[in-house]
Amino acid sequence: MKTYQRLGMMGGTFDPIHYGHLVAAEEARYQLELEKVIFIPAGRPPHKTKREISAARHRLNITRLAVASNPFFMVSDIEITKPGLSYTINTMQIFKDKFPQAELFFITGADAVLEILSWKRVEELLRLCYFVAATRPGYQLAELSKNIPGFPINGTKRIITMEVPALAISSTDLRQRVREGRPIKYLVPEAVEAYILNNNLYRLHPNPTFQKNNRRGSQQ
Ligand code: ATP
Ligand code: MG
């Protein structure tokens, strides 16, 4: 098996994956000289149990479609094939066992880092991997570092902040757009857009008018 020194991990529900995720991952790869970034669609994220989440196979498929054109990106189905709730710490431990040589960098949006204090066994998690906090619209870096005063563990700062071109895209907004028949073009990769429309994702009731309009639009 190939040994890696520096691996990025991008966890998320990816319901759906969008350019915000992809830009953050690519920027982290470049800035932190990561050899690969592994996208890990969540099985059943502990904090999202209230909302209906799309079937795991759809989220896995769109994640694979989204990363296909980037040779540095990979997808792991580890959380999806594992029964029960997904905890980042368990996933990180599995990757640490698999790649003992590698430094792991868990890439998140700045808002997600602000939440980590509530995560299960956060200190242990920060020993296993670095956290890379990508700035996101509405989340200031200064605000972030104020809230997390370094989190020093053994004298090392385990949270790295990283500026990325701000993309005001969220999966929540994308789902709503699809539901309302508004466009998602240029917010997600084309293959992801096509997959969402072809599989009728995010539509409570398939809406024939929307599909007809959409077909007509693509023929022009
Ligand atoms: P939802 O609206 O359903 O919560 P989301 O767009 O936040 O979806 P997630 O799958 O929850 O997407 O996010 C996975 C990771 O990507 C999180 O760490 C999140 O902070 C980060 N992220 C999401 N959107 C962006 C963005 N536009 N720019 C940078 N990071 C992002
Ligand atoms: Mg989110």
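When a ligand or atom number is given, it counts from 1 through the structure's own listing order. In this text the structure is predicted, and so the values were computed from the model without any measurement. For reference, positions follow the sequence shown, starting with 1.
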query = Would one find an N or O of Thr108, backbone or side chain, under 3.5 Å from an N or O of ligand 1?
reply = no

ask   = Quick one: which ligand 1 atoms are inside 4.0 Å of a heavy atom on Arg175?
value = 3 (O)

inquiry  = Assess whether a salt bridge exists between Glu26 and Arg29, defined as any Lys/Arg side-chain N lying under 4.0 Å from an Asp/Glu carboxylate O.
reply    = yes

request  = Look at the rings of Phe14 and His21 and say which category their plane angle falls in: under 30° parallel, 30 to 60° tilted, over 60° perpendicular.
outcome  = perpendicular

ask   = What class does the angle between the rings of Phe99 and Tyr4 fall in, given that below 30° is parallel, 30 to 60° is tilted and above 60° is perpendicular?
value = perpendicular

note = Looking at Met10, His18, His21, the heavy atom closest to atom 12 (O) of ligand 1 belongs to His21

ask   = What atoms of ligand 1 come closer than 4.0 angstrom to any heavy atom of Phe14?
value = 10 (O)

task = Within a distance under 4.0 Å of any heavy atom of Gly12, pick out the atoms of ligand 1 and give their elements.
result = 10 (O), 14 (C)

remark   = So the atoms of ligand 1 within less than 4.0 Å of a heavy atom of Gly11 turn out to be 14 (C), 15 (C)

ask   = Tyr87 versus Leu125: any side-chain heavy-atom pair under 4.5 Å?
value = no

request  = Mind checking the CE-CG spacing from Met10 to Leu34? Nearest 0.5 Å is all I need.
outcome  = 12.0 Å

ask   = Does Ala168 have a heavy atom less than 4.0 Å from any atom of ligand 1?
value = no

query = Does ligand 1 have any atom sitting under 4.0 Å from a heavy atom of Asp15?
reply = no

query = If you draw a 6.0 Å radius around NZ in Lys82, do more than 12 non-hydrogen atoms from other residues or ligands fall strictly inside?
reply = yes

Ligand-side contact atoms (ligand 1) for residue partner Thr172, heavy atom cut-off under 4.0 Å = 1 (P), 2 (O), 3 (O)

Residue selection (non-hydrogen contact nearest atom 19 (C) of ligand 1) among Ala134, Ala42, Gly109 = Gly109

inquiry  = Show the nearest heavy-atom pair for residues Pro41 and Ser76, with the distance to one decimal.
reply    = CD-O, 3.2 Å

